[in-house]
Amino acid sequence: MVQLELIPTTITEESTTTFINNMKLPIHRWFRFSAGYSAQWVQHEIIKFREELNQPVVIFDPFAGVGTTLLAGDMCGIRSYGVEAQPFLSRITQAKLGWGADIEKFLDFSNSVYRQAKHSNGDTGDYPTLIKKCFPDDTLAILDNLKKAWSKHNDGSVYSELTWLTITSILRVSSPVGTSQMELIQPKKSKKNFMHPLEAYQSQVQLMAQDMEIFQSQTPKSDSNALLYKGDMRNFSEMPKASINLVITSPPYANNFDYADATRFEMSFWGQIDKWSDLHRIRQNLVISCSHHAQAAGVNMQEVLQSKELNPIQEEIIEVCYKLAEERELHGGKKNYHLMVAGYFFDMVKVLSILRKICTKDAKLCFVVGDSAPYGIYVPVDEWLGRLALNVGFTGYYFEKTRDRNVKWRNRKHRVPLHEGRLWIRG
Ligand SMILES: C[S@@+](CC[C@H](N)C(=O)[O-])C[C@H]1O[C@@H](n2cnc3c(N)ncnc32)[C@H](O)[C@@H]1O
């Protein structure tokens, strides 16, 4: 059996802000999420903080993603809370937090689904075009059998949700089409290695059962000690004042990545969305970090830029946003980056203010974040977030770079050097 390493021997500075190593770790590896960071690094920070503080650590992740921070909290045996607004991602995380469930019952449930799927006739009629482009008919028919068998057995239990995740996590594995670095599905690109869906399903069930056993026998508690809230952090009010002493998180970056689109493929398979425009329903609860969201949300740039919440960065953000508004006229796509930048910082102040309330005076906060340069116009995201944090009542900040980005000048729309790292904020 895999031995869990609380503090790994192989953690490198560069890898701490990426998800890649998590694909070797039990439970984390159930769903690949490129926007995530290293679970082992989070564990390392929790342990360090526990030693410094000498009292119980309560950790919070306002942008929980696929639950990396919460599972790291489980590994260290501490209480954790998280918020995630993208409903498909929060469902994945909730299913992962079911690692303490009865393994035999999970196997019974998933095997019943398998048996029924094996003896059914699948249908490929009702799927959105994206799904039809990503699977040959016979593969889609088998996946449809699994989906229908699961729907028949679905009783809302943890076993049902674990099996839902099993099917979700084999979709890309059984598709012959490619996936971009940021996990966006690419129907026009083909890949060599893909699996038969029923084989992929069986092997995923085995992997998940094995991982549950590892976690149950090797973590301090035999069940998760994490609580996930499914909602929008910009108006989160569930936690009492001064109840958190450690925040480890990674907010969306102001870089036009669309978290609603990130699981479009899976949501289309499950019938949750049909076309691209359906994604807007999901974006409404997210921090504005992409241009089409900013436009649909109707960001009023003048009003936002004059708001007192943005005072500490006002002159600079006004300059950047007006430059972006001018620059957009020179580009065919006419992207609304000016609205995106204004909306992003306005949203992030709301989050920082809520964090100020729920964190103790001696709390430590870490934001894994990267800067950006839409249309080549530089936005110093870490620096501005730090200053906005001071303005809502935090006492200090500093930035620790982990890696350079955009320095290879390949396939890039601009040549502005960027970085990624950890913005540390003090309570
Ligand atoms: C960079 S990812 C976090 C990844 C996470 N650290 C992990 O390892 O899985 C940012 C996350 O913030 C979520 N998010 C965006 N806006 C949000 C909001 N208003 N409230 C809560 N979560 C939000 C996104 O859906 C996304 O999952």
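Starting from 1, each residue takes its place in the sequence as its number. Ligands are counted one by one from 1 in listed order, and the atoms in each one are counted from 1 as well.
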What about the rings of Trp276 and His292, do their centers lie closer together than 6.0 Å?
-> yes
is_close_aromatic(Phe31, Phe33), centroid dist under 6.0 Å | no
Which of the ligand 1 atoms, numbered from 1, are nearer than 4.0 Å to a heavy atom of Pro62 | 21 (C), 22 (N)
Distance filter under 4.0 Å to Asn285 heavy atoms, resulting ligand 1 atoms | 18 (C), 19 (N)
What atoms in ligand 1 come closer than 4.0 Å to a heavy atom of Pro251?
-> 1 (C)
of all protein heavy atoms, closest to atom 16 (N) of ligand 1 is Val287 N, 2.9 Å
Using non-hydrogen atoms of the residue, decide whether Ala64 is closer than 4.0 angstrom to ligand 1.
-> yes
Proximity of Phe265 and Phe135 rings by center, below 6.0 Å | yes
Give the single entry among Tyr253, Phe63, Phe33 that approaches atom 12 (O) of ligand 1 most closely by any heavy atom.
-> Phe63
Quick one: look up the protein heavy atom nearest atom 4 (C) of ligand 1 and list residue, atom name and how far away it is.
-> Ala35 O, 3.6 Å
Those atoms of ligand 1 less than 4.0 Å from some heavy atom in Leu89 | 25 (O), 27 (O)
Counting N and O atoms only, with roles assigned by atom type, does the side chain of Asp382 sit under 3.5 Å from a partner on the main chain of Leu423, one being a donor and the other an acceptor?
-> no
Among Phe88, Tyr37, Tyr259, Phe257, closest by heavy atom to atom 1 (C) of ligand 1 is Tyr259
Nearest protein heavy-atom contact for atom 19 (N) of ligand 1: which residue, which atom, what distance?
-> Asp232 OD1, 2.8 Å
Which of parallel (below 30°), tilted (30 to 60°) and perpendicular (above 60°) describes Trp424 and Tyr398?
-> parallel
Which residue and heavy atom of the protein sit nearest atom 8 (O) of ligand 1, plus the separation | Thr68 OG1, 2.6 Å
The atoms of ligand 1 lying under 4.0 Å from a heavy atom of Met233, numbered in the order shown, are 18 (C), 19 (N), 20 (N), 21 (C)
Looking only at protein heavy atoms, identify the closest one to atom 10 (C) of ligand 1 and say how far it is in Å.
-> Ser250 O, 3.4 Å
For the pair Phe236 and Tyr229, name the ring-plane relationship: parallel under 30°, tilted 30 to 60°, perpendicular over 60°.
-> perpendicular
Nearest candidate to atom 24 (C) of ligand 1, where distance is taken over non-hydrogen atoms, out of Lys350, Gln86, Glu84, Lys230 = Glu84
Would you call the rings of Tyr127 and Phe269 parallel, tilted or perpendicular, where under 30° means parallel and over 60° means perpendicular?
-> parallel
Can we call the ring centroids of Tyr375 and His331 under 6.0 Å apart?
-> yes
Closest non-hydrogen protein atom to atom 9 (O) of ligand 1, residue and atom name please, with distance?
-> Val66 N, 2.9 Å
Please confirm whether the backbone N or O of His419 pairs with a side-chain atom of Asp371, one donor and one acceptor, at under 3.5 Å?
-> yes
Check the pair Lys147 / Asp144 against salt bridge (Lys or Arg N to Asp or Glu O under 4.0 Å), numbers first and verdict last.
-> CA-CA 5 Å; Lys147 176 178 158 181; Asp144 185 66; 5.1 Å; no
Nearest to atom 21 (C) of ligand 1 by heavy atom, Ala85, Ser38, Gly370, Ser34: which?
-> Ala85
Considering the heavy atoms of Gly231, write down every atom of ligand 1 situated less than 4.0 Å from one of them.
-> 20 (N), 21 (C)
